[in-house]
Novice: 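Once you've had a glance at the structure underneath, I'll fire off some questions.
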Amino acid sequence: MFDDFLLRALVAGFGVALAAAPIGCFVVWRRMAYFGDATAHAAILGVALALAFGLPVFTGAVAVALLMALTVSSLSGRGYSMDTLLGVLAHSSLAFGLVAVSFLQDVRIDLMAYLFGDILAVTTGDLGVIWGGALAVVVLLVWRWQALLTTTLNPDLACASGLDPKREQLVLTLALALVVAVAIKVVGVLLIAALLLVPAAAARPFAATPERMALLAAVVAMAAVAAGLGVSFYQDTPAGPSIVCAAAVLFAFSSLWRSIRNAA
Amino acid sequence: MSLITVTNLSVRLGAVPVLSGVDFTIERGEIVTIVGPNGSGKSTFLRCLIGALAPSTGQISRAPGLRIGYVPQKLAIDPTLPLTVGRFLSLPRRRQGADVEAALDQAGVPHLEARQMADLSGGQFQRVLLARALLENPDILILDEATQGLDQAGSAAFYHQIEMVRRSFGCAVLMVSHELHVVMAASDRVVCLNGHVCCQGTPELVASAPEYRALFGTGTKGALALYRHEHNHSHEAEGCTDPSHTHTHTHPHAQAPAHTHRQDEGQNV
C-alpha cells in the first residue's frame, strides 16, 4: 500500500501534522516560539552524534532536543532574560551541530536533508517511527490536557488545585522533543518551528475553545502538507519548504478573514 | 483542628528574606484579612499556603483533604488562547453544565457561560474567578487582592458577594487587601504583615495598634476614622478635618471616604 513515494510522504506529513498542531497551540499560548526553535536547532547536533555513534537518528534527535529543552528550563531566571538565553542556545547548538556533522565524511551530502527535510525519501520504516512518535505525543497530550491548560493559564491556579506546574512543563517539553524528532524527516530542523506555529496561528480566529483551536490547527497543518506536496510534485519545488509556504498562505487567508470580520 | 496551621515560616526569594518567623492559623468558617504595605510578603505568604512556593524554613500543615478555592491577584490570558467562561470553569476538573450555571449564579454573574473570557469587564472577570473557586466546593477561599482594578463601588460589591458566599458555603475566607475600610469590617480577624506578623486581632484592635499605625501612618486616615466612628471614639485625635465625615458614619462600609488611601501593589507579584 505504501509503495508509492508520494503516498508515503503524505502519510508521514499527516502524522507530523497531527502531533505538531496541538503542541504548536501550547507553544503559541505560552509564548514559547523561540523555545521551540532552540529545541529544534539542537536536534541537528543530536543527528550528528547519532550518526557518529551509529545510533538511530530519531534517538539522537530526541535525546539532544530534550537535553536542550531541560537546559533552557533550568537556566531560565538565572541572570539572563529568556530571550537572550534562547538566542544564545538556539544558534550555538545549530552551529555546533553543523560543525559536528562536518566531521562525518559520508553525511555531508545529506546535510540539506536534515536542515530542510526529505519527506519524499520517507521509507516504510520511517513511517513507523513518525506515527509511533506522533501517537505517543497525542496520547500524552490528551492524558494531561486539562492539567496543561490550567498550568498554561496560571501556575498558581494549578498549584491551588493540587497540580504540579513543573511536572506539566516537563510533559510539554518531552512532547516537544518528540515532535521535533519526528518532524526532522518531513520539514527539517530549520522549519520545524514554522510547522508548530503557523497552523496554530491560522486556526486562532476560527476557534472559541482551546480544543477547537487544536483540532483546526491539525486540519490546517494537514491541508498544508497536502498542498505543499502537490506543489512540490508538479512544480518540482523542495517539499519541506513548500509545505511551510502552503501553511503561510493559509495563515494569510485566515488573517485576512479575521480583519474583514472585525471591520464588519 | 485548624484548616491551615503555619509554624515559624520563613521564605527567601533569592538572597532576599521576604518572610521570617510567621505563625498563623485559620479555623473553619473564619474570615481573616491580611494587610500590609508593598513588599511586605502578603502574596508570598498566600503562595506558600497554596503550595506554589516552598518555605525556606518552618512548616505549613493543612487539614487532610483540604479543598482550596483560590482567586489570584490577576490572570493574564494570552489573546491567542480562545477560552469561553464555561470552558474556563471546567479547569482543571470537568464540571457539569448545571454546576457551572449554579456557580456563576452564586458569584453574581449568571448566564455568562458562552462569553469569551477576553470580552468580560473587570468586575465580571473577578466574579468568574470566584465562581471557579466555588466549583472546588472549598473549605477555604483564598483571595489575593481580588478587587485590584475595580473601582470603589465595584470592590465593595465584590466583598459583599464574598460575604454572601461565605454564608451559604460556610467556608473560611482568607484575603489579602489594601482596601482596609471595606475589608477589615467584614473580618473576624486581621493580620498585619510586614515581613513578620506585626500585630493581629479583631479589626478594632488592629486599627488601634501602634504597630499598625506606624506602618500605615496617615495614609489610612479614612479607614481609621471609620472605625473610630463605629466605636464612638473622638476623631479629633486623628486630625480629620473633613467636615462631611460626620454624615458618612451611618453607612461606614458602603460609602468610601474621599481620602481613602489606595496603594499601588502592581509590582507585588
Novice: Who among A/N154, A/L163, A/L153 has the most heavy-atom pairs with chain B under 4.5 Å?
Specialist: A/L153

Novice: Would you say NE2 of B/H160 has more than 12 non-hydrogen atoms from neighbouring residues, nucleotides or ligands within 6.0 angstrom?
Specialist: no

Novice: In Å and rounded to the nearest 0.5 Å, what is the CG to CE distance from B/L83 to A/M213?
Specialist: 11.5 Å

Novice: Relative to chain B, which segment of A/R31 carries a heavy atom at a distance below 4.5 Å: side chain, backbone, both, or neither?
Specialist: side chain

Novice: Verify, without hydrogens or angle tests, whether A/W29 (side chain) and B/D78 (backbone) share a donor-acceptor contact under 3.5 angstrom.
Specialist: no

Novice: What part of A/P210 gets closer than 4.5 Å to chain B, counting heavy atoms only: side chain, backbone, both or neither?
Specialist: both

Novice: Taking all heavy atoms of A/C159 and all of B/G51, pick out the closest pair and write down the distance.
Specialist: SG-O, 3.8 Å

Novice: Which one of A/T152, A/T209, A/T150, A/D156 has the most heavy-atom pairs closer than 4.5 Å to chain B?
Specialist: A/D156

Novice: Can you tell which of B/I68, B/L81, B/I77, B/L46 has the highest number of heavy-atom pairs within less than 4.5 Å of chain A?
Specialist: B/L81

Novice: Let's test your reading of the structure: which of B/V71, B/L53, B/L75 forms the most heavy-atom pairs below 4.5 Å with chain A?
Specialist: B/L75

Novice: For B/R132 and A/S161: C-alpha separation, side-chain torsions, deciding distance, then whether side chain to side chain donor-acceptor pair (under 3.5 Å) applies.
Specialist: CA-CA 11 Å; B/R132 186 188 164 281; A/S161 297; 3.3 Å; yes

Novice: Can you give me the closest heavy-atom contact between B/P82 and A/A207, atom names plus distance?
Specialist: CB-O, 3.3 Å

Novice: Can B/L91 and A/L157 be said to form a side-chain contact (heavy atoms from CB on, under 4.5 Å), step by step?
Specialist: CA-CA 10 Å; B/L91 286 174; A/L157 220 52; over 6 Å; no

Novice: Heavy-atom count check: over 12 atoms from other residues, nucleotides or ligands less than 6.0 Å from A/W257 CH2?
Specialist: yes

Novice: Judged by atom type as modelled, is there a donor-acceptor pair below 3.5 Å linking the side chain of A/Q146 to the main-chain atoms of B/S90?
Specialist: yes

Novice: Please look at B/A114 and chain A and tell me whether the side chain, the backbone, both or neither of the residue comes under 4.5 angstrom of a heavy atom of that chain.
Specialist: neither

Novice: Just by modelled atom types, is the B/P79 backbone N or O under 3.5 Å from a matching donor or acceptor in the A/R204 side chain?
Specialist: yes

